[in-house]
Amino acid sequence: MKNSQNKESLSMLKSYEILRNPFLNKGTAFTREEREKLGLVGILPSKVQTIEEQTAQAYAQFQSKPSLLEKRIFLMNLFNENVTLFYHLMDQHVVEFMPVVYDPVVADSIEQYNEIYTNPQQAAFLSIDHPEDVEDTLKNASDGRDIRLIVVTDAEGILGMGDWGVNGVDIAVGKLMVYTAAAGINPAQVLPVSIDSGTNNQKLIDDPMYLGNRHERVAGKPFLDFIDKFVEAQQKVFPESLLHFEDFGRANAQVILDSYKDKIATFNDDIQGTGMIVLAAAIGAMKISKQELKDQKFLTFGAGTAGMGIANQIFTELVQEGLTEEEARRHFYLVDKQGLLFNDTPDLTPAQKAFTRDRSEFANADELTNLAAVVKAVHPSVMVGTSTQPGTFTEEIVKEMAAHTERPLIFPLSNPTKLAEAKAADLIKWTDGRALISTGIPAADVEYNGVTYHIGQGNNALIYPGLGFGLVASTAKRLTQETISAAIHALGGLVDADAAGAAVLPPVSQLTEFSQIIAEATAESVVSQGLNREKITDAKKAVADMKWAPEY
């Protein structure tokens, strides 16, 4: 009797393994023939649903949730149960779901991660306390899958949030969801990775429910040695994968990128992706205003990882347009908590030092300790906010800026919403409709004096999915500045410059379409440089052949 029960249990286990595997599970969509073959007869209700019926049912359940966080929890549970259904649903509601699965609702999810913990399917959790486990962890988490894309975070520098330790794994999970929804990478070929090196967030350490290492962050050489060990294991276990670094702290982000960018296929979205999206927005704005990028003055408010990534990307573009490096640097002004950054400002980061000013340039240098004073002295034509200081682009500052330039470019990029430097509607009003705006979070159209102004969302999701998918599809050995430029211009060129109230970036509603264009431009650039590992004669075909569709 006991042996008989064991055999039945083993048979049942195989059946339930299929239903519990999110990459294989079809739920009630398994046909009668499939149920008989897979041992699922009697385990599911009799009706065989189509994926369209399942999608309608799931969307009704989604709509019934009373808060955005509960909507996100529902979607995460669906993702963990049935990946194909999740993406089929998201494909139909991408504009509605984007802010729920990623920014800004992901911030609420991270803050309450310990209380609402939902195991991210197939994520890898690496602990700096156990470096001997790195390779085995990557193998265990991937479970034999052909991983082509990894998003890794240590969550020390989440924009607008700071250090959130192991809770920040939701950033990696959300990023990969956007990769698939926007560009079409197969979700079975991606892996979110959390590097738990501790946390300096005392609130987390004191929280008895916190799921990460309860000690201060390991820093300096021991941390970078662990990153080396991780990259070595990643290259060994997944030699064809693209490595996407996300939300590392300002002390490490650039150092890590510089260590690997010329050796493997990798990029840092906070440094390169943010710079790319802002440059694409600026290129789109130049098409609308009929101006030249090389004639602009750029003020960056918030000179951290994102701010410096933006400055570097625009600087590179100016050099490509024919300016010398010295000429290009004269177009930039960095404002941080100290005010305008000078070459004698204490504690400058290496990235900041390249863009500082000399006090001799200003008669009132000692007074340039706040944004208002700097705007009045400099008269910027482009003002970018990555400060996480809400409301700092005030009416007074904006009007002062607009008094000296016909079409001011104003990009309040800090997110979530509560940290934005300004609201789009206010910027339109304060500049009498002349401002060209990009926000870090979704912004509604603005009606002003009979014109509908469309607001470009400066969200990295507009560019990194196409860029990353193009790199994966073209089997890129590494990412060069030439390829980055190709992707930027592919996005910036999509702006409808002659439309009244035109946005500086294309809308999220067209995300899948222009992600394909960016992926093709990226792949073509890789192949033209001979940086593809596998033989590719048609880059567009390589992109099309790799694209995954959410169908059973």
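If you read the sequence from its start, that first residue is 1, and numbering goes on from there.
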Stepwise side chain to side chain contact (heavy atoms under 4.5 Å, CB included) check, Val193 with Gln234: CA-CA 11 Å; Val193 175; Gln234 174 258 331; over 6 Å; no
task: Please lay out, stage by stage, how Val169 and Tyr113 fare under the test side chain to side chain contact (heavy atoms under 4.5 Å, CB included).
output: CA-CA 9 Å; Val169 70; Tyr113 183 81; 3.4 Å; yes
With no hydrogens and no angle check, just 3.5 Å: does a side-chain donor-acceptor pair link [X] and [Y]?
X      : Y      : answer
Asn532 : Ser474 : no
Thr512 : Gln516 : no
His489 : Glu317 : yes
Asp270 : Thr305 : no
Asn82  : Asn25  : no
Gln338 : Thr345 : no
His244 : Asn268 : no
Tyr260 : Asp228 : yes

task: Output the distance between atom OG1 (Thr274) and atom CG (Asn460), rounded to the nearest 0.5 Å.
output: 4.0 Å
task: Hey, could you give me the CD/CD distance between Glu232 and Glu135, rounded to the nearest 0.5 Å?
output: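 The distance works out to 8.5 Å.
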Backbone N/O of Gly302 and side chain of Ser387: donor-acceptor pair under 3.5 Å: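 Pair absent, no side-chain N/O of Ser387 close to backbone of Gly302.
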query: Taking NZ, NE, NH1 and NH2 as the nitrogens, is one of them in Lys547 or Asp545 under 4.0 Å from a carboxylate oxygen of the other?
result: no
query: Can you name the nearest heavy-atom pair linking Lys229 to Val134, along with the distance?
result: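 That would be O-CG1, 4.2 Å.
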query: Going through the checks in order, is the side chain to side chain contact (heavy atoms under 4.5 Å, CB included) test met by Phe230 and Leu138?
result: CA-CA 9 Å; Phe230 159 65; Leu138 295 179; 4.3 Å; yes
- prompt: Phe315 ring centre to Arg329 NZ or CZ under 6.0 Å, with the angle to the axis within 45°?
  reply: yes
query: For the rings on Tyr179 and Tyr464, is their centre-to-centre separation under 6.0 Å?
result: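 For Tyr179 and Tyr464, the ring centres are under 6.0 Å apart.
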